[in-house]
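Working notes, structure below.
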2 protein chains.
Amino acid sequence: MTKIELTTEENILEAAKKVFHKKGFDGARMQEIADEAGINKSLLHYYFRSKEKLFEAIFQDAFKQFLPKIGEALISNKSLFEIITLFVNAYIEMLIKNPYLPVFVVNEINRNPDKIIDIIKNSGVNPIKLESIILSEIEKGTIININPKHLIINILSMCVFPILTRPIITGFLFNNDTALVQEFIEERKSQVTSFVINSIKLK
Amino acid sequence: MTKIELTTEENILEAAKKVFHKKGFDGARMQEIADEAGINKSLLHYYFRSKEKLFEAIFQDAFKQFLPKIGEALISNKSLFEIITLFVNAYIEMLIKNPYLPVFVVNEINRNPDKIIDIIKNSGVNPIKLESIILSEIEKGTIININPKHLIINILSMCVFPILTRPIITGFLFNNDTALVQEFIEERKSQVTSFVINSIKLK
DNA sequence: AAATGGTTTAACCAATTGGTCAAAATTAAA
DNA sequence: TTTAATTTTGACCAATTGGTTAAACCATTT
């Protein structure tokens, strides 16, 4: 119904995203991207000089999306437990909508670790704010004494890992019943939240 | 000192493992594997018919290593907390020694999800035993009521994820100070253990 | 020493791949 | 309409890649 007209460049980016996310840099073929976009292969080189340049555009975008954004939640003076609840729900929701994103980022990050340093500096996300919030919460005595970095990684781990290993989980824990897996992933929003809070709250 | 003589086949497997783990199937080059093994490229095809066959050998091995083995700990009648402690320590230790293993497995699993079904069936690992132990522990009243599958995934998540995203963690949380990251990974043995137990133990 | 069977090599091949280039098609400007 | 600029295409290329093959090498047996 709502037929959106895409410019050729947007069209290419959309197609490149699809192919790169699914096949990675080495596995992706310029011809396949062109086919996906319904254009001639030469056009890819007309808009983006090379495969690397095109990939760079896709990767930068994916990487920024992969980095957790919690700015809004931090500004409003919510409690740490509220922040955790909101973040876990929003992040898992985003991952469900972009199931190929984590594999893509993790894979390319490890394939080419050097390149990310620049991207990181450009990404304007700083985890230090969150760290200080956690620390102040410890001092206030609302949560146990825990290294903020470990806590942050713990939360991220439990959100992202199931998406990364979905095929294994499907085959292993759920006998290839994909519907059950989907349900399982949905459940994790509440499960991860309560698991974390349960672990750090002082009683 | 202890100079070990490797057969050509073992030599090839060793080289293939190194290259495949670092570059993945698409990124790996048969010539590079041959160079790494110090032999002619044709020898690869002499011992293994094709790139796919050679890859299969490497992948099967990696996949089995990636799957958590907890058989011994389960047979001896240890408590759940002891099992968790032992497992987390052993698994993270293994991951430290094989830093490329998780990326490799996760990447190829997602690139070719269909193939793993056979491998899973051949791998002879069943998580059901662990699930029943967790369930009985819940009935005994030593831990809170929690879905065993979620608990298992939580533990695995927190062990594997930091290894998978090491380059991001290095750049982001530790300003590229690799020594600090190494320390951080080591710390996770105790951190993950206590985080989990803290979350599920009934007081 | 000659024959035999497994191992290793160098040269080569067909197919694929990222990329180029000049011409055609389309759009905008005059 | 004509001209100029931009966009799109098809044909083509050089380099790479997985794989083949016949010959050389080597150890063992006869």
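This one's a predicted model, so the numbers in the text were calculated from it and none came from an experiment. So you know, we letter chains A, B, ... as the sequences are listed, proteins then strands, and number each from 1.
- Inspection of the A:E108 and A:N112 side chains reveals no N or O donor paired with an N or O acceptor under 3.5 Å.
- Rounded to whole angstrom, the span from the CG atom of B:L44 across to the C1' atom of D:dG19 amounts to 11 Å.
- Atom CG of B:N11 is separated from atom P of C:dT7 by 15 Å (rounded to the nearest Å).
- A straight line from CD1 of B:I33 to C1' of D:dG19 spans 14 Å, rounded to a whole angstrom.
- Among the atoms of the strands shown, only primed sugar atoms or phosphate atoms (P, OP1, OP2) are found under 4.0 Å from some heavy atom of B:Y47.
- Here D:dT7 presents its P atom at 10 Å from CG of A:L43, a figure rounded to the nearest Å.
- Between A:F20 and A:F55, the two ring planes are perpendicular [angle over 60°; tilted spans 30° to 60°].
- Across the protein-nucleic acid pair, B:Y46 atom OH and C:dG5 atom C1' stand 9 Å apart, rounded to whole Å.
- Donor-acceptor pairing under 3.5 Å is lacking for the side chains of B:S136 and B:E139.
- Sorted by first and then second residue, the side chain to side chain donor-acceptor pair (under 3.5 Å) pairs with a member in residues 83-93 of chain A read A:E93-A:K189; sequence neighbours excluded.
- If you check the side chains of B:R188 and A:N154, you find a donor sitting under 3.5 Å from an acceptor.
- Geometrically, B:K22 does not engage B:F104 in a cation-pi contact defined by less than 6.0 Å to the ring centre and at most 45° from the axis.
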Legend entry - Bracket notation of DNA chain C in which parentheses pair within the strand, [ ] cross earlier pairs, and | pairs with another strand (Watson-Crick or G-U, under 3.5 Å): ||||||||||||||||||||||||||||||
Inset, instruction - Do nucleotides 13-29 of chain C as a string where each nucleotide becomes B, S or -: B if the base has a protein heavy atom under 4.0 Å, S if just the sugar-phosphate does, - if no protein is that close. - result: ----SBBBB--------
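- Using a cutoff of 4.0 Å between basic side-chain nitrogens and carboxylate oxygens, B:K53 and B:E56 are not scored as salt-bridged.
- Between B:K17 and B:E14, no side-chain nitrogen of the basic residue sits less than 4.0 Å from a carboxylate oxygen of the acidic one, so the salt-bridge criterion is not met.
- For A:I12 and D:dT8, the CD1 to C1' distance is 11 Å, given to the nearest whole Å.
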